[in-house]
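From a predicted model like this one, the values you see are computed outputs, not experimental measurements. The figures here come from the full heavy-atom set of this structure, side chains too, leaving out hydrogens, waters and symmetry mates.
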Amino acid sequence: MIEDTLKPPYYAVIFTTQLSENIEGYYEMAEKMDELAKKQDGYLGVESARSDVGITVSYWKNLEAITNWKNNIEHTEARDIGRDKWYKKYQLRICKVEREYGFEKK
């Protein structure tokens, strides 16, 4: 799904990943984290795609909301498991979105 109801300015957290060969439990945890993120104050939405490289972009009201999500204990535990088990490599970027536009064929 493409998020198309957001109104700038807001923040995007871009999480780009390469998985290791051991992904047992990964997709279940990803779903759990998605549900948990939706309950966080300041969460606005998410877009995600995976092939050889996974890209998940989560949207947040402000930097404080992003920091609170980063420090969430369940998210911290999942991140630790990810580093130990699921990820070969990842990169995280935080960006302020000041403008946006889109197109939809009807």
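Ring centers of Trp86 and Tyr26: under 6.0 Å apart, within the cut-off.
Between Trp69 and His75, the angle of the ring planes stays under 30°, which puts this pair in the parallel group of the 30/60° scheme.
Residues passing the salt bridge (charged side-chain N to carboxylate O under 4.0 Å, His left out) test with Asp34, sequence neighbours excluded: Lys38. For Glu74, the salt bridge (charged side-chain N to carboxylate O under 4.0 Å, His left out) test picks out Lys32, with sequence neighbours left out. Looking at residues two or more places apart in sequence or on another chain, you find a ring-ring contact (aromatic ring centres under 6.0 Å, His included) between Tyr59 and Tyr10. For Asp52, there are no salt bridge (charged side-chain N to carboxylate O under 4.0 Å, His left out) partners two or more places apart in sequence or in a different chain. In terms of the salt bridge (charged side-chain N to carboxylate O under 4.0 Å, His left out) criterion, residue partners of Arg83 (sequence neighbours excluded) are, by chain and number, Asp80.
Other residues, nucleotides and ligands contribute only 12 or fewer heavy atoms inside 6.0 Å of the CD atom of Glu64. Counting heavy-atom neighbours within 6.0 Å of Lys85 NZ, excluding the residue itself, gives a total above 12.
Gln40 places a side-chain N or O within 3.5 Å of a backbone atom of Leu36 that can act as its donor or acceptor partner. Under the 3.5 Å distance criterion, the side-chain polar atoms of Thr56 are left unmatched by any main-chain donor or acceptor of Phe15.
Note on residues 96-106: no pairs pass salt bridge (Lys or Arg N to Asp or Glu O under 4.0 Å), not counting sequence neighbours.
Here the CD1 atom belonging to Ile23 is positioned 9.0 Å from the CD atom belonging to Glu28, to the nearest 0.5 angstrom.
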